[in-house]
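Here is the structure we will look at.
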Protein chains: 2
Amino acid sequence: MTALPTVGDVAQAAGVSRQTVSNVLNAPQVVRDDTRDRVQAAIDRLGYRPHASARRLRTRVSSTIGVRLPFVDRDGVSGAVLDRFLHELAEHADARGMRIMLFAARDHDDEIAQYRRLRDGADVDAVVVTATSYDDPRIDWLATERMPFVAFGRPWGSPHADDPGRPWVDVDGFAGTREATAHLLGRGLRRIGWLGWPEGSGTGEDRRAGWAEAMAAAGVDAAELEVLSLSAEDVASLARSTVERRLGGRTPDAAGLDALVCASDSLALGAMMAVREAGHPRFPVVGFDNTPVSAALGLSSVDQCLDLVAIAALELLLGDTGERVLPPGDPGIRAPHRLIPPRLVVRRSTPLTPTG
Amino acid sequence: MTALPTVGDVAQAAGVSRQTVSNVLNAPQVVRDDTRDRVQAAIDRLGYRPHASARRLRTRVSSTIGVRLPFVDRDGVSGAVLDRFLHELAEHADARGMRIMLFAARDHDDEIAQYRRLRDGADVDAVVVTATSYDDPRIDWLATERMPFVAFGRPWGSPHADDPGRPWVDVDGFAGTREATAHLLGRGLRRIGWLGWPEGSGTGEDRRAGWAEAMAAAGVDAAELEVLSLSAEDVASLARSTVERRLGGRTPDAAGLDALVCASDSLALGAMMAVREAGHPRFPVVGFDNTPVSAALGLSSVDQCLDLVAIAALELLLGDTGERVLPPGDPGIRAPHRLIPPRLVVRRSTPLTPTG
DNA sequence: ACCCGGGATTTGAACGATCAAACTAGCGGG
DNA sequence: CCCGCTAGTTTGATCGTTCAAATCCCGGGT
């Protein structure tokens, strides 16, 4: 026969019923050992593969997680973060018997329409929401519809921040910049500047706060912190001109700066271009995200440990060991909100001795 | 009622049979206008969504394309190319009613096993194969099993290169480097060097040949070409030391170089660092891939036009307009091998100097 | 008056799996 | 000897859709 074998064919070959074959695959413990071996042999011999769609139709479980493909951000360096997250997610999802389905969406409304279609069509059991914003309509929709999901990104300032029905995973930016700053302080540097984004971003404020805390712990007062703080949009060229303006033709030392901690690799790249151009190639600059850019340029950077983020995201959907998406708020899920501590990657751009 | 509406519910609401509802969705032209309107109204009113798995079970069509998630290449810049391709693919697939399913695989054998599972489980109709190599076992398997696929990357040197049953899309590297070289020649530069990869890569040889042809057309003889040619592994730091060795402390001019065309942005970055360190920030360097790195550094680069690549890949699977994967070798598919011409993106060539 | 053609619609069966309930042994206790 | 219990297995129904074939309807030709 040319058609693919079905449970019926396997059952016939093994001399058992369809249901027993099904049990061997889905609940092996209820089948007697010798029967199981016989059925397994038939499965192997016929090369049987379960028909995923038939199973889904009956069980209403797809073992698939939907992810909206984040924007193509042509000039930004930051897109790489979501790409890497996607990589890690796919890899660890595979290890837990899940697959990732991508979809595109123009805006939030369109994305919600896609959620509905994917769920109603039994295409996905859950979705991962990325690039969350304050009062995100997608999160509201998912929560009220009780569709399983997990967000990559905290709901900054939302009244629902602690709602266990709205699980999220995020990177602890505060801890990351604090570590980066402490590292520089430990090298004997003192006037460590901050280059962040314009106000209004939860992530940006969080990362700045980490720097501020480390500086405060080293005895720097609030007024001086204000002086050490710069900001620019997340584009290398703008960061560069911001730093150039700050230097105003002076040496960094004369401008009151021993080093710079940045909110992103884009900013760090711009800052590095400015100081190197001004003739201070060893001025320490630390970035955030550990993108290929920082690696190629030998820039120290805070790595987001996206593998841990992906693993945590899956735990929030599947529980610690399961292979099935749990309903929202299920007790099998431990802490529904996870902060992943990032890791400072030190490269040669932060030399052991300060230079001017 | 709390359960999702089915075709049966819609049929009842519209006073027609299940099949007519099905026809409204899949073959509207066979349904009389007024009936169609009535059914459509019922669909909208009930918020009916077809159950994708049930449809797949019956039709044996999944409207899904599988893509193995390309490697996580932590330090390389090049991974960004496949990521961008994936973005474009997802976006254009969506426009043609297709979705992308990701999967992970450890090696080629594992990948083939996944192909089989995905196909037998009716999870995907076709796959896109990336990072192809000479005599790729995956391609052989797909071709002999007659499973629909398209490769991103030419089968360099394979005897099956012209087999219409083995469709591929690729970027015309030759044309890209030729254009980049011609651009520099047009600016009055003459001794344009080549920085490529060590021999043995089809893609590398192709890109080098484009440079060589443009140079030959400008009257440079073979012996001189040999002198102008450098190579390094695809890592910025190695590229940098290769160029430094070539300069040997001299100015680029004294070392016989007016500019450099590179096989990748990683190489270009290394080259740029070397010449800038040597005090020649305006020495023109052109990269390949137009990654965020080159954009951020203001490096000219050859853009692969991955949107066109993705569109072409879908055409090779679906035909010009269809929404269904065609069997391998179907006449609905025009040319089964497509070379996409890339586009030179010119940026200011000396990003690290103050403008002026 | 009859039949024919063909467009529009309906009917029953099938896709391949799992669920729920029923059945069969085999065993021990009363 | 019968009853109940349990572990293991089988049976019939079902998930929601589309296919293939049958049916209905209506106008026109002979």
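Because the structure is a prediction, the values reported are computed rather than measured. Throughout, protein chains are lettered first and strands after them, A, B, ... in sequence-line order, and every chain is numbered starting at 1.
- Distances shorter than 4.0 Å separate some side-chain N or O of Ser17(B) from OP1 or OP2 on dT10(C).
- Rounding to whole angstrom units, NE2 of residue His51(B) and C1' of dT14(D) are separated by 13 Å.
- Distance, Asp9(B) CG to dG16(D) P: 9 Å, rounded to whole Å.
- Per the geometry, CZ belonging to Arg38(A) stands 14 Å off P belonging to dG8(D), to the nearest Å.
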- Query: Where do Arg56(A) and Asp123(B) land on the salt bridge (charged side-chain N to carboxylate O under 4.0 Å, His left out) test, with the steps shown first?
  - Reply: CA-CA 11 Å; Arg56(A) 291 207 256 264; Asp123(B) 270 317; 2.5 Å; yes

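- Rounded to whole Å, atom P of dT9(D) lies 10 Å from atom CZ of Arg36(A).
- Residue order along DNA chain D, read from the 5' end via each residue's closest nucleotide, puts Arg32(A) first among Ala54(B) and Arg32(A).
- Along DNA chain C, the nucleotide closest to Thr59(A) and the one closest to Arg18(B) are compared, and the more 5′ of them pairs with Arg18(B).
- We find that Arg166(A) and Asp140(A) are joined by a salt bridge, their nearest charged nitrogen and carboxylate oxygen being less than 4.0 Å apart.
- Taking the side chain as every heavy atom from C-beta outward, His108(B) and Ser133(B) approach each other to under 4.5 Å.
- Within the structure, every side-chain polar atom (N or O) of Thr35(A) is placed at least 4.0 Å from both OP1 and OP2 of dG8(D).
- Separating the OH atom of Tyr48(B) from the C1' atom of dG16(D) is a distance of 7 Å, rounded to the nearest angstrom.
- Rounded to whole Å, atom P of dT10(C) lies 13 Å from atom CD of Gln12(B).
- With hydrogens and angles ignored, a donor-acceptor pair under 3.5 angstrom links the side chain of Arg58(B) to the base of dT18(D).
- Projected onto DNA chain D by closest heavy-atom contact, Leu57(B) and Gln19(B) fall at different nucleotides, the more 5' of which corresponds to Leu57(B).
- For Thr20(B), no side-chain nitrogen or oxygen approaches OP1 or OP2 of dT9(C) to under 4.0 Å.
- For the pair Arg68(A)/Tyr115(A), no side-chain contact is recorded, criterion being any heavy-atom separation below 4.5 Å from C-beta on.
- Using a 4.0 Å heavy-atom criterion, one finds that Arg49(A) contacts the sugar-phosphate atoms exclusively.
- Whole-Å rounding puts the Asp34(A) CG to dA7(D) P distance at 17 Å.
- Rounded to whole Å, the distance from CG on Asn23(A) to C1' on dA21(C) is 14 Å.
- Using a 4.5 Å cut-off on side-chain heavy atoms (C-beta onward), Val31(A) and Val39(A) make no contact.
- The phosphate of dG16(D) (OP1 or OP2) has a side-chain N or O of Arg60(A) nearer than 4.0 angstrom.
- In the set dT18(C), dC15(D), dT17(D), dT18(C) carries the atom at the smallest distance from any side-chain atom of Asn26(A).
- Regarding contacts with the backbone of dG16(D), every side-chain N or O of Ser53(B) stays at 4.0 angstrom or more from both OP1 and OP2.
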